[in-house]
Amino acid sequence: MKSIKLVLGGTALVLATSVYAQAEQAEPVQEGVKVEKMSIMRKLVPTGALEGQAAQQYVQTMRDAQAKKALAPDDHPQVIRLRAIAKKLIPYALPWNDRAKEWKWEVNLLGSTQINAYCMPGGKIAFYTGILDTLKLTDDEVAIVMGHEIAHALREHGAERAGKSVAANLAVRAAALFAEYKGYDGRVVEGVGSAGANLAMLKFSRDDETEADIVGLDIAARAGYDPRAGVALWQKMGYVNKNSPPKWLSTHPAGKDRINEIRKHFPEVMPLYARAKGVSVESLAPYKSNVKVIPDVQ
């Protein structure tokens with residue numbers, strides 16, 4: 001029995017390792033921001049199935065919200081505003097993922113105090129009134145948030161994380177089986193391995209957040225929204241998230257790190273924004289948010 005378990009464990013480990021070793025999908029070279037190629041790990045989960053599940057979940061969420069009278073109607077000023085911004089962003093999102101041209105894009109607003117927004121696989125976007133009201137977002141800042149969430153869907157981060165989780169679980173199980181073969185308690189090894197895998201997945205998620213920030217900046221800039229709004233946005237977030245968890249236990253980068261990363265990419269995205277506005281970078285005025293405690297952003 002031990003030999004059978006060892007073979008199974010070895011097979012799982014080889015599978016997990018070989019997936020990491022495969023060549024990643026090529027990305028077209030373009031101006032603007034540069035990011036790493038999309039991970040092959042997302043291929044462990046069928047993309048079409050994930051998008052189908054997301055669409056079903058989105059429909060159910062909207063139905064539940066409507067039943068609770070929390071779904072804003074089509075003629076709500078904020079819904080009109082969100083959809084107008086999305087209409088400008090989406091054309092510049094399509095080059096990042098060929099599948100996006102087939103997505104049935106939707107934008108809705110949910111009544112909730114949550115400071116949150118998301119874009120599900122397949123282009124299903126939702127904003128909560130809490131993020132608009134609490135942060136008093138300008139159109140540029142809404143575009144940064146929306147671009148960030150769209151980028152998650154475009155870069156298939158959900159499928160990537162699911163695939164990495166599959167591979168990590170296979171590797172942990174393989175290690176436990178090997179420990180049992182050697183006469184040790186496989187449950188202890190599996191427990192320690194799972195804890196390590198969970199911490200690794202948090203790191204994966206922080207990397208995804210950073211990538212979504214960068215790609216979102218690019219999309220927003222091309223659509224004519226000021227990338228410097230990203231700094232103001234995270235300054236505002238800093239005021240309402242003072243009790244956030246430590247960086248190493250968070251799925252999001254720390255606020256200062258996030259702002260520094262955004263600033264680092266200004267040389268790549270500010271020319272795109274200036275071109276969209278039909279002016280030179282040098283002639284752009286400093287970005288001004290609508291909250292007095294936020295300083296002008298250069």
Pairs meeting criterion salt bridge (charged side-chain N to carboxylate O under 4.0 Å, His left out) with involvement of residues 276-285, two or more places apart: none
Is there a side-chain contact between Tyr287 and Val231 in this structure, where contact means two heavy atoms from C-beta onward sitting under 4.5 Å apart? no
Does any part of the side chain of Leu82, heavy atoms only, come nearer than 4.5 Å to the side chain of Met146, both counted from C-beta? yes
Evaluate side chain to side chain contact (heavy atoms under 4.5 Å, CB included) for Ile85 paired with Tyr225, printing each intermediate quantity in order. CA-CA 9 Å; Ile85 293 172; Tyr225 293 103; 3.6 Å; yes
Pair Glu209-His152, side-chain donor/acceptor within less than 3.5 Å: yes
Does Arg258 form a side chain to side chain contact (heavy atoms under 4.5 Å, CB included) with Met237? I'd like the steps, not just the answer. CA-CA 11 Å; Arg258 200 159 200 164; Met237 287 291 287; over 6 Å; no
Using side-chain hydrogen bond (donor to acceptor under 3.5 Å, both in side chains) as the criterion, list what pairs up with Asp226, not counting sequence neighbours. Arg228
Pairs under 3.5 angstrom only: tabulate donor-acceptor contacts from the side chains of residues 108-121 to other protein residues two or more places apart or in another chain.
| unit_1 | atom_1 | unit_2 | atom_2 | d |
| --- | --- | --- | --- | --- |
| Asn108 | OD1 | Arg83 | NH2 | 3.1 |
| Asn108 | ND2 | Tyr58 | OH | 2.9 |
| Ser112 | OG | Gln114 | N | 3.1 |

Once rounded to the nearest 0.5 Å, what's the spacing between atom CZ of Phe127 and atom CG of Leu137? 7.5 Å
CE on Met270 to CG on Leu217, rounded to 0.5 Å: 10.5 Å
The complete set of salt bridge (charged side-chain N to carboxylate O under 4.0 Å, His left out) pairs with one or both residues in residues 130-149, sequence neighbours excluded, reads Arg81-Asp139, Glu141-Lys236
State, with a plain yes or no, whether a side-chain heavy atom of Leu233 is found less than 4.5 Å away from one of Ile262. no
Counterpart residues, salt bridge (Lys or Arg N to Asp or Glu O under 4.0 Å), relative to Arg275 (two or more places apart): Glu31
One pair to check against side chain to side chain contact (heavy atoms under 4.5 Å, CB included): Val281 and Phe266. What are the steps and the verdict? CA-CA 11 Å; Val281 174; Phe266 280 173; over 6 Å; no
Quick check: do Ile150 and Tyr92 have side-chain heavy atoms less than 4.5 Å from each other? no
Linking I/L/V/M/F/W/Y whenever their side-chain heavy atoms sit closer than 4.5 Å, directly or via other members, would Ile131 and Val240 fall into one cluster? yes
If you define the side chain from C-beta out and look only at heavy atoms, does anything of Tyr128 sit under 4.5 Å from Thr134? no
side-chain hydrogen bond (donor to acceptor under 3.5 Å, both in side chains) involving Lys264 - partner list, sequence neighbours excluded: Glu261
Roughly how far, to the nearest 0.5 Å, is CG of Asp213 from CD of Glu211? 10.5 Å
Does Asp218 come within less than 4.0 Å of Arg222, counting only side-chain N to carboxylate O? yes
Joint cluster assignment, Val79 & Ile125, ILVMFWY side-chain distance < 4.5 Å: yes
Using the salt bridge (Lys or Arg N to Asp or Glu O under 4.0 Å) rule, pick out the option among Lys104, Lys124, Arg99 that qualifies with Glu51. Arg99
Please say whether more than 12 non-hydrogen atoms of neighbouring residues, nucleotides or ligands are located less than 6.0 Å from CD in Gln66. no
